[in-house]
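What's counted below: heavy atoms across the whole structure, side chains too, no hydrogens, waters or symmetry copies. Chain identifiers are assigned alphabetically (A, B, ...) following the order of the sequence lines, protein sequences preceding nucleic acid strands; residue numbering begins at 1 within each chain. Note that the coordinates shown come from a computational prediction; the quantities given were computed from them, not determined experimentally.
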Amino acid sequence: MRQTIFDALAALINQNVLPAGLETHNVVVEPSRDPAHGDMATNAALVLSRRANMPPRDIAHALADVLRDDVRIDTADVAGPGFINLRLSADAWRGVLGGILALGNAYGRSDWGNGRRVNVEYVSANPTGPLHVGHGRGAVLGDALASLLEFSGHDVTREYYINDGGAQVDVLARSVYLRYLEAHGQKVAFAEGTYPGDYLVSVGKALKDRVGDRFVGQNENVWLSEIRDFATDAMMVMIRADLALLGITMDVFYSEKSLYGTGRVEAAIDDLRAKGLIYEGVLDPPKSKMPQDWEPRKQTLFKSTAHGDDVDRPVQKSDGSWTYFAPDIAYHYDKISRGFDELIDVFGADHGGYVKRMKAAVSALSDGRVPLDVKLTQLVKLKQGDAELKMSKRAGTFVTLRDVIDMVGADVTRFVMLTRKNDAPLDFDVEKVREQSKDNPVFYVHYAYARIQSVLRKAAEAGIDLRVDDLSPITDSAEFALIIKLSEWPRLVETAAQAREPHRVAFYLYDLAGLFHALWNRGNTDPRLRFVQEADAKTTAAKVALLRATAIVISNGFDILGIDPVEKM
RNA sequence: GGCCCCGUGGCUCAACUGGAUAGAGCAAUCCCCUCCUAAGGGAUAGGUUGCAGGUUCAAAUCCUGCCGGGGCCGCCA
């Protein structure tokens, strides 16, 4: 439709009604919010008025005259300050259905991304324990975003960065050592700064099975490195299993540890140094809570302020060892060198303070070539009815992602996580989402799909010839409302991909399901609107075509969200 | 103190990135099942989009300043 508008504009330029070379990228054609305004509307005249130096309503009238010549357009009216409201012909809308059926699961796919290579890094939880609900949100967002970009023609790599190089994995190793001693019958105490979670019990046992009593009574320097490797491997097995429960498979697991001892951290820092962005210096103390023990220390700093950060950031501690930031720089350096056109990081909200320095690093390392987009996911507040499920490691009320999936299922977990945009906090009520009602959006969409399948079964049982050669029996406004919604799907995918907001797909499916249920119920009062017309194969075939198209779109939407449609409820 | 995110009917959230009279769901009131799944649908009511300015044909959206909530802020990751 947009193209039709552009063609009309070109015609006007040819007739010298409009000057050539107008900026048209702001021209939008969108479905009307108010049906009284027709099917679609365009703001073309308003956008062009200034540059064309003509009153918007004059342009609008000229444009409407051209558009009315198009057979697919029934009416084109100028409204308000210069909108053009379009009403398409019934045949034009019926044609949309045929297009959807022909494209099937490709309907909505596009080459908009032009094969651009995008790396989506998500989850990247420390390998020190099971995934919790917050990780789950990042996992679902990252995965749906990756699918959305694939659907829109990008070449996507899903990647997990394993933080297996820092002090936290030493803590893990010590905790596992305690469980190992426990497996040998010793009584152990978990001091402050160890992980007391019982998920390490089995790891301690497994370690015993492997090394026997070789480490019992030994000093840390004997066993630390070996147990660390053993334990992080065990944690990653567990994390992969948690992700698998959500249907998430990563293309790449990238180990932080693998950066060390290979000169790659040094190489990344050297690259920055060659650009004059590394220097020795002393940072100002933090402005707020002035620490008692603050001492000015000389550190190696990255001049991130040259790339938009607020202060320069340390890459080496005063004792010469790397900060956490340094391997992260090296890791992103590696991603850049692998040739990605765009990087996306999905982080938890607690990493908000980290965004600017990371962007600065990527900007510096790629000389501004590779954009880094950081999506922060806000907190998930887990509730059971009115009660809030507190997640406290100490109190032992640690609710894991696995717990939640066990309670409500993977599909529900995924969908609910996507019913909020990523930068809004999410209330997740494990009771409500198990309800089979409209209050539960997952159910509502599943139900629509299942109802459609039910009709298809009924039609098949009735032995009706469902070959579609004529869609003219589709005449009702509720039917057209559904078609119009279906026609919006490709545009929705594209704008959602552009904005990198997969939640829009979830909301769209909910709306779509609502229109379908409304149409269904109209059949209760008006039998002519029922889908299966036993005595009229032609009409049934046309209505079934509408249903199949609806099922296709739901299925394609679910595909992006990583949810399997159900045939029957 | 600085930086980031968020303030939309009683509640939980949308709003196609600047478009027309700001839309859904809960909760409230009233209707619709001899009929493809009522596990659903329809109708009514509810709003100065936190406040005040600004930008323009047009602002919930962009800019500035306040108010309120959350997150982060050197040698933790």
In terms of side-chain heavy atoms of [X], which of [options] is nearest?
X: A/Y354; options: B/rU17, B/rA15, B/rA77; answer: B/rA77
X: A/R491; options: B/rC16, B/rC75, B/rU37; answer: B/rC16
X: A/R530; options: B/rA14, B/rC35, B/rG40; answer: B/rC35
X: A/H351; options: B/rA15, B/rU37, B/rA77; answer: B/rA77
X: A/K432; options: B/rC36, B/rC26, B/rG41; answer: B/rC26
X: A/N126; options: B/rA77, B/rC6, B/rU17; answer: B/rA77
X: A/A518; options: B/rG41, B/rC76, B/rC36; answer: B/rG41
X: A/Y510; options: B/rA77, B/rU37, B/rA24; answer: B/rA24
X: A/F507; options: B/rA14, B/rA38, B/rA15; answer: B/rA14
X: A/A41; options: B/rU37, B/rA20, B/rC32; answer: B/rA20

Looking at [N], I'd like to know if its phosphate oxygens (OP1 or OP2) sit under 4.0 Å from a side-chain N or O belonging to [X].
X: A/K543; N: B/rC36; result: no
X: A/T323; N: B/rC75; result: no
X: A/R420; N: B/rC13; result: yes

- Query: Got a donor-acceptor contact below 3.5 angstrom from the A/D312 side chain to the A/T305 backbone?
  - Reply: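 Present.
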Categorize [X] for me: base, sugar-phosphate, or nothing, with a 4.0 angstrom heavy-atom threshold over every strand shown.
X: A/A459; answer: nothing
X: A/Q533; answer: nothing
X: A/P425; answer: sugar-phosphate

- Task: Determine the interatomic distance between P on B/rU61 and the same-named atom on B/rU55; round to the nearest Å.
- Result: 15 Å
- Salt-bridge contact A/D229-A/K257 (side-chain N to carboxylate O under 4.0 Å): yes
- Partner nucleotide, any strand, of B/rG65 [Watson-Crick/G-U, under 3.5 Å]: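 The answer is B/rC51, by the H-bond criterion.
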- Item | Face-to-face contact A/F83 to B/rA20 six-ring, under 5.5 Å, under 30° | yes
- Message: Checking A/R451 against A/Y447: is there a side-chain donor and acceptor pair closer than 3.5 Å?
- Response: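 Their side chains do contain a donor-acceptor pair, which is all the 3.5 Å distance test asks for.
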- Query: Which label fits B/rC33, syn or anti, where anti is any glycosidic angle not within 90° of 0?
  - Reply: syn
